[in-house]
Amino acid sequence: MRLSRYFLPILKETPREAEIVSHRLMLRAGMIRQQGAGSFSWLPLGKRVLDKVCQIVREEQNRAGALEILMPTIQSADLWRESGRYDDYGKEMLRIKDRHERDMLFGPTNEEMVTEIFRSYVKSYKDLPLNLYHIQWKFRDEVRPRFGVMRSREFLMKDAYSFDLDYEGAKAAYNRMFVSYLRTFTRMGLKAIPMRADTGPIGGDLSHEFIILADTGESQVFCDREFLELSVPGEDTDFANDAEIGGIVKQWTTPYAATEEMHDEAAWGALPEAERLSARGIEVGHIFHFGEKYSKPMGAKVAGPDGKDHFVSMGSYGIGPSRLIAAIIEASHDENGIIWPEAVAPFDVALINMKAGDAECDRACDELYRELSAAGHDVLYDDTDQRPGGKFASADLIGLPWQVIIGPRGVAVGEAEIKRRRSGERFTAPLAEVARRLS
Ligand code: ATP
Ligand code: MG
Ligand code: MG
Ligand code: MG
């Protein structure tokens, strides 16, 4: 992509309304545009990151056996009356009327709708387990939308829903999502810690929030430092092997970890002082087993091996891709801007022409642009006539993993300067070797 043909509205000034660094940097890097309270447009650079994050989420959901669908954003109130949640949900739900005066709503989540799909088709235990997910916009009329896409009113969510014959099956489904989440966040360069979370009035021990430690987090969390050293399951993890998956969950739920609501002072106090880690955290994912909460009132049942009907045992599993992007930036930036982990970077390389219009520099850049692209790198080529200082500042701000800098002096001796954004390390390389050196 040539920057002269791209849409990258970088802001020079720090926007005053942004209280936290990720919000400031997303606005300054031209990733998002605020359209109203808690409502954002995704501009080209932001959209590329959002797509990359969603793709990782999707790959890891699929790997764990979940199937992608897509449900509507607008739902009928009648469906929510079946579960009793139309009245219970409160003011976070945006309620709408259509032209026939029918009550509708903009979905804050999809348990009812997916249960309706399930009960319409699935009648036998032989068709289980089943896990359906989608990645779709949600609306929650938050009391205090703030921190940009971290807590917005309209936001993207991946929500998965599992259906099983009994608790044992549901627990295995829960474990698969648990492990899938560990892999998902690690692939984005994040250390997410699963913490016991409140299950609300239903109770039970099966709910975990996945928390990123960050000073700007909205909740207080408590965990054992051991989590920082645990290794995350690899690509070869066998999701069909319940014992293997259960073993991983056991390992990741044994050290102490809890959010404020679930915090147990006595258990915490029993840990050696040096192991205690008390910090602020950002909730990026939440998994939940709720059994028959929806299947019973909504009549979602299957015939079991005993020939009798059983209400299915369900769970739901959410990840917020839009919030995740803010969390990634909170975890990975410096005073000059964003530092993207490679897996979610909007482009891999910033190719900087220090003297656009100079025949030799243009020729070297054009050639490199072609070569790097052919070698599989996504390149953002700064071919504009801005001054070098401005180009360097923009490149640091948008945080692509590599900068390849072409100037008259280097070109004269056939060399490019390469800078690794994360470490700031710089080196020169012959033009013909640049592609090879970017790894
Ligand atoms: P929070 O405690 O931050 O309000 P929640 O517990 O209400 O979040 P869930 O219902 O568990 O959220 O939704 C699953 C995921 O959706 C969350 O873990 C988070 O990543 C994301 N999410 C929830 N609310 C928002 C929001 N207002 N803006 C952006 N992402 C959100
Ligand atoms: Mg909430
Ligand atoms: Mg929460
Ligand atoms: Mg939650």
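Both ligands and their constituent atoms are indexed starting at 1 by order of listing.
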Check the orientation of Trp268 and Tyr256. Use parallel for under 30°, tilted for 30 to 60°, and perpendicular for over 60°. tilted

Do Arg81's NZ or CZ and the ring of Tyr86 fall within the cation-pi criteria of under 6.0 Å and 45°? yes

Is Glu154 salt-bridged to Lys138, going by a charged N under 4.0 Å from an acidic O? no

Look at Glu19 together with Arg24 and state whether they make a salt bridge at an N to O cut-off of under 4.0 Å. no

Mark yes or no: Arg140 above the aromatic ring of Tyr89, with NZ or CZ under 6.0 Å from the six-membered ring centre and no more than 45 degrees from the axis. no

Residue by residue, ordered by chain and number, which ones reach under 4.0 Å of ligand 1 with a heavy atom? Arg140, Glu142, Val149, Met150, Arg151, Ser152, Phe155, Met157, Glu283, Val284, Gly285, His286, Gly320, Arg323

Residues 223-234, side-chain donor-acceptor partners within the protein, below 3.5 Å, at least two apart:
unit_1 : atom_1 : unit_2 : atom_2 : d
Asp224 : OD1    : Glu226 : N      : 2.9
Arg225 : NE     : Ala274 : O      : 3.1

Set of residues satisfying side chain to side chain donor-acceptor pair (under 3.5 Å) with respect to Asp378, sequence neighbours excluded: Arg48

Basic-acidic side-chain contact under 4.0 Å: Asp78, Arg102: no

Salt bridge or not for Arg420 and Glu425, using N-O below 4.0 Å? yes

Environment of the Mg ion (ligand 4) in terms of protein N/O/S atoms, cut-off under 2.8 Å: Glu283 OE2, His286 ND1

